[in-house]
Amino acid sequence: MELLVEKICCIGAGYVGGPTMAIIADKCPNILINVVDINEERIAAWNDSNLDKLPIYEPGLKEVIKRCRNRNLFFSNLVKENISNADMIFISVNTPTKTKGIGAGQASDLKWIEASARQIGKYGKGKTIVVEKSTLPVKTAQIIKSILLSSNKPQELKNEDDKSFYILSNPEFLAEGSAIDDLENPDRVLIGGENNDAISALKKIYLNWVSEDKILTTDLWSSELSKLIANAFLAQRVSSINSISALCESTNANINEVSRAIGMDSRIGKYFLNAGPGFGGSCFKKDILNLIYICNHYGINEVASYWEKVIEINNWQQNRIVKIILDKLFGNIAGKKIAIFGFAFKANTNDTRESPAISICKGLIEEGSILSIYDPKVQIDQIKKDLELYPFKENSSHNDGFWEFSNSTYEAAVNSDAIVILSEWNEFSEINYDLLINKMRKPSWIFDTRNTVNIDKAKKSGFKIWSLGNGNLN
Ligand code: UDX
Ligand code: ADP
């Protein structure tokens with residue numbers, strides 16, 4: 001029996017739901033898509049006529065939204081209504097790590113998933129395909145299924161058959177900053193499920209722009225687990241190269257050379273070998289913590305410890321950077337101004353979740369430094385949330401140990417002793433070093449954690465340079 005999909009509802013208008021639905025709307029003009037969210041401010045931003053005010057920054061997103069919004073793509077807070085009308089419902093809500101209770105600090109908090117499933121159970125009508133999009137711990141589909149099966153049949157439906165749900169897992173592999181390209185040209189699309197008609201219905205949507213050989217179908221659990229493991233492997237690669245960056249610094253080797261040399265081995269491959277200040281983002285840490293939780297749950301403690309190390313190295317890398325800055329600035333940064341270039345967890349996004357910049361900035365403020373933070377896309381209010389209790393200049397009566405916000409690299413650099421580059425935004429590699437150094441105190445340092453600086457040029461302008469994993473400089 002063919003399941004027709006004419007109307008889609010996506011619950012959650014975040015970094016996953018927004019861009020994913022925008023691309024489906026763009027590629028499937030005959031499907032009507034309603035993206036719903038309980039956050040009114042976020043929905044208002046998605047509907048803002050000024051496309052520079054979209055709630056997330058993602059290269060190429062504006063153009064897609066311009067084409068589809070109010071054509072077959074709508075954003076609203078009408079959760080119930082749009083659930084009722086949908087043939088297919090994507091769940092793209094947040095699943096952060098639990099902060100309290102059993103599994104705190106490791107397991108994912110599924111309260112938003114459960115709330116969504118209950119709403120679907122209550123308001124869904126007819127035959128509805130429910131698609132998990134959020135990154136979830138394995139076997140969450142089972143939870144969604146149990147909630148949907150236990151939901152009450154609305155009175156207006158005559159028999160049980162009028163209301164049925166099919167659960168699919170369709171993990172999202174997009175990376176922020178390249179989401180549009182990743183969605184348009186995915187390496188693969190993974191669909192996990194039990195019902196062939198539901199799988200075919202989702203597959204048909206992707207076939208509008210993805211070739212069939214890239215669409216994999218599996219059972220539900222393998223699909224959920226694959227997402228977790230893909231992220232764990234990627235994060236492990238980052239921790240591996242970061243661990244070697246420290247060795248390069250101690251042994252006069254250069255991490256870029258090492259990355260290039262090992263990456264040319266086709267078994268290793270050249271991608272994801274950039275050493276940096278540690279991985280951030282909403283997925284890597286959360287997914288590894290989930291993996292650790294699951295392994296411990298099944299008594300596979302050695303495997304859990306193995307993956308714990310990936311996170312340990314990530315934390316260590318961030319602490320190490322704070323120590324190096326302190327050391328190079330004569331062991332004292334109290335009252336010294338340090339310019340921070342980049343606060344997002346990577347370039348080309350305004351997302352700061354788990355950004356290494358957060359812990360590095362906190363570490364520097366704790367040492368008494370005065371930070372002047374600039375990021376091309378991160379807003380001051382977001383930094384205020386991330387640095388929480390750490391004093392902000394305007395409210396601060398302190399003489400040292402606080403932060404302020406800057407609107408440009410040049411503004412941030414004024415009177416500073418050092419520049420610390422934390423995200424690899426393009427504009428940081430196009431800096432005019434002469435102009436910058438003239439605004440700074442001497443000796444003027446650049447600490448480059450992303451290998452974006454043109455070392456020769458910067459040195460010529462008089463900078464002292466520390467560059468991550470570059471043992472020839474340090
Ligand atoms: C990741 C996965 O790539 C994506 O498939 C999944 O859907 C969600 O999680 P994302 O977190 O958006 O995507 O970004 P990604 O490009 O993977 O980077 C994650 C972190 O690793 C960033 O902090 C980045 O700076 C860091 N990283 C990445 C490195 O330090 N070096 C690298 O070589 C690559
Ligand atoms: P992700 O990176 O996974 O997309 P985000 O936090 O950016 O995560 O987005 C998740 C969105 O889901 C948020 O905007 C949040 O308001 C929304 N959300 C959470 N629970 C519900 C719910 N029950 N109904 C509608 N929207 C929800």
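Predicted, not measured: the structure shown is a model, and the values here were computed from it. Order of listing sets the numbers, starting from 1, for every ligand and every atom in it.
- Between R260 and E257 there is a salt bridge, with a side-chain nitrogen of the basic residue lying less than 4.0 Å from a carboxylate oxygen of the acidic one.
- Shown here for F343 and S423, the closest heavy-atom pair between the two residues is N-OG, 3.4 Å.
- Those atoms of ligand 2 with a heavy atom of G14 less than 4.0 angstrom away are 4 (O), 5 (P), 7 (O), 9 (O).
- Polar contact check, I11 against ligand 2: no nitrogen or oxygen pair lies under 3.5 Å apart.
- W221 CH2: 12 or fewer foreign heavy atoms inside a 6.0 Å radius.
- Contact atoms of ligand 2 toward S116: 23 (N) (distance under 4.0 Å to a heavy atom of the residue).
- Looking at heavy atoms from C-beta onward, N290 lies out of side-chain contact with Q106 at the 4.5 angstrom threshold.
- When the options I113, D37, I120, V35 are ranked by their closest heavy atom to atom 15 (C) of ligand 2, first place goes to D37.
- Enclosure of atom NZ in K7 is not indicated, since only 12 or fewer non-hydrogen atoms of other residues, nucleotides or ligands lie within 6.0 angstrom.
- Among all protein heavy atoms, the one lying closest to atom 4 (O) of ligand 2 is V16 N, 2.9 Å.
- By the 4.0 Å heavy-atom criterion, S134 is excluded from the residues contacting ligand 2.
- Between atom 6 (O) of ligand 2 and the options N94, N39, T95, the minimum heavy-atom separation is to N94.
- Looking at E176 next to ligand 2, no N or O pair under 3.5 Å apart turns up.
- Protein residues with any heavy atom under 4.0 Å from ligand 1: E172, F173, L174, A175, E176, K227, N231, L234, V238, F272, L273, N274, G278, F279, G280, C283, F284, F345, K346, R450.
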Do K286 and E354 pass the salt bridge (charged side-chain N to carboxylate O under 4.0 Å, His left out) test, and can you show the C-alpha distance, the side-chain angles, and the key distance before you say yes or no?
CA-CA 10 Å; K286 182 183 80 176; E354 300 294 340; over 6 Å; no

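- Taking 4.5 Å as the limit, every side-chain heavy atom of R237 sits out of range of all side-chain heavy atoms of I241.
- From the protein, the heavy atom lying nearest to atom 12 (O) of ligand 2 is G12 CA, 3.4 Å.
- The proximity of E40 to ligand 2, defined as any non-hydrogen pair under 4.0 Å, does not occur for either the backbone or the side chain.
- Remark: minimum distance from atom 26 (N) of ligand 2 to any protein heavy atom is reached at I38 N, 3.4 Å.
- Looking at K111, R42, E41, E114 and measuring to atom 13 (C) of ligand 2, the nearest heavy atom belongs to R42.
- Residue E40 qualifies as open at atom CD: its count of foreign heavy atoms under 6.0 Å is 12 or below.
- Heavy atoms from other residues, nucleotides or ligands lying under 6.0 Å from CD of Q379 number 12 at most.
- Considering only heavy atoms from C-beta on, Y166 comes within 4.5 Å of K127 through its side chain.
- Within the 4.5 Å cutoff, no side-chain heavy atoms of F279 are placed close to those of I313.
- Considering only non-hydrogen protein atoms, atom 18 (N) of ligand 2 sits nearest to V93 CG1, 3.7 Å.
- With respect to D287, the side chain to side chain donor-acceptor pair (under 3.5 Å) criterion is satisfied by exactly one of T97, T95, N231: N231.
- Counting protein heavy atoms only, atom 2 (O) of ligand 2 is closest to R353 NH2, 2.8 Å.
- Contact of the V453 side chain with the S429 side chain is not registered, since no non-hydrogen atoms from C-beta on lie closer than 4.5 Å.
- Checked against a 3.5 angstrom limit, the closest N/O atoms of W112 and ligand 2 fall outside it.
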